Amino acid sequence: MPLSNPADDPFTKLAQNLGELEVVIGERARPAIAGVREGLRDALACRARGDMPGSIAAIRIAMERLANLGSTLDPEEGAMMRFIAEQFTAALGAGQKGDAKTIVDVMRRKAGDTKDDDKKDW
């Protein structure tokens, strides 16, 4: 499933911004970044099918991969990334879209995007 227009989807924008981590970290990050992107694609596909539990699970797995990458570079950063991923999964699972959106904005900033998502309708 191709990535959608990033202007329309915060997860797509996050996936695309992960390329900046590849540049900073180098070749060793490429497999992990590819896995995170694939997980986000899976999440989008599940969401498109109406499978929200599957989408949440795919996002959690993608974020765990990202946290594992962070842990190899900086254990404290990895721990923080795991915490963010856990909070995001909990917010989505509880239907707290506002909290989930705030966490996505944090994840996007960590991935190199300096702007928050101003869309209110997701």
Side-chain angles (χ1 to χ4, degrees):
M1 174 178 188
L3 290 175
S4 61
N5 181 347
D8 296 333
D9 192 275
F11 299 113
T12 300
K13 181 124 182 164
L14 174 63
Q16 290 180 340
N17 287 337
L18 290 171
E20 294 182 30
L21 284 178
E22 277 184 64
V23 172
V24 171
I25 298 169
E27 285 294 315
R28 65 186 175 168
R30 185 164 286 156
I33 298 296
V36 173
R37 278 194 184 113
E38 187 60 33
L40 293 173
R41 284 186 184 106
D42 290 346
L44 291 169
C46 287
R47 186 179 67 187
R49 291 191 308 268
D51 178 8
M52 287 310 292
S55 182
I56 292 169
I59 291 167
R60 182 184 49 77
I61 291 167
M63 294 301 102
E64 285 175 2
R65 287 179 177 155
L66 190 56
N68 287 338
L69 175 61
S71 291
T72 63
L73 303 170
D74 180 347
E76 287 181 20
E77 181 76 10
M80 185 197 57
M81 292 168 76
R82 272 193 191 77
F83 177 75
I84 290 169
E86 289 168 7
Q87 294 299 313
F88 177 74
T89 302
L92 274 184
Q96 298 169 336
K97 290 184 179 182
D99 291 345
K101 181 187 175 308
T102 299
I103 296 166
V104 167
D105 288 338
V106 170
M107 289 187 286
R108 287 174 48 190
R109 283 191 297 277
K110 296 298 275 175
D113 187 354
T114 59
K115 293 170 42 177
D116 288 342
D117 181 16
D118 60 356
K119 291 188 178 276
K120 308 289 186 222
D121 61 345
W122 67 279

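Please read all numbers here as calculations on a predicted model, not as lab measurements.
Using a 4.5 Å heavy-atom threshold, the side chains of Arg30 and Ile33 count as separate. The shortest side-chain heavy-atom distance between Arg41 and Arg37 falls under the 4.5 Å cut-off.
Of the inter-residue distances, the one linking Thr89 atom OG1 with Ile103 atom CD1 reads 8.5 Å to the nearest 0.5 angstrom. A distance of 9.5 Å separates OG in Ser55 from CG in Asp42, rounded to the nearest 0.5 Å. Interatomic distance, OG1 of Thr102 versus CD of Gln96, reported as 10.5 Å (0.5 Å rounding). In this structure, the separation between CD1 on Ile61 and CG on Leu40 is 11.5 Å, given to the nearest 0.5 Å. The CD atom of Glu64 sits 12.5 Å away from atom CD1 of Ile59, with the distance rounded to the nearest 0.5 Å. With rounding to the nearest 0.5 angstrom, the CD1 atom of Ile84 is 4.5 Å from the CE atom of Met80.
Across Ala58 and Gly39, no two heavy atoms sit closer than the pair CB-O, 3.6 Å. Among all heavy-atom pairs drawn from Met63 and Ala85, the shortest one is CB-CB, 3.3 Å.
Between Arg82 and Glu86, no side-chain nitrogen of the basic residue sits less than 4.0 Å from a carboxylate oxygen of the acidic one, so the salt-bridge criterion is not met.
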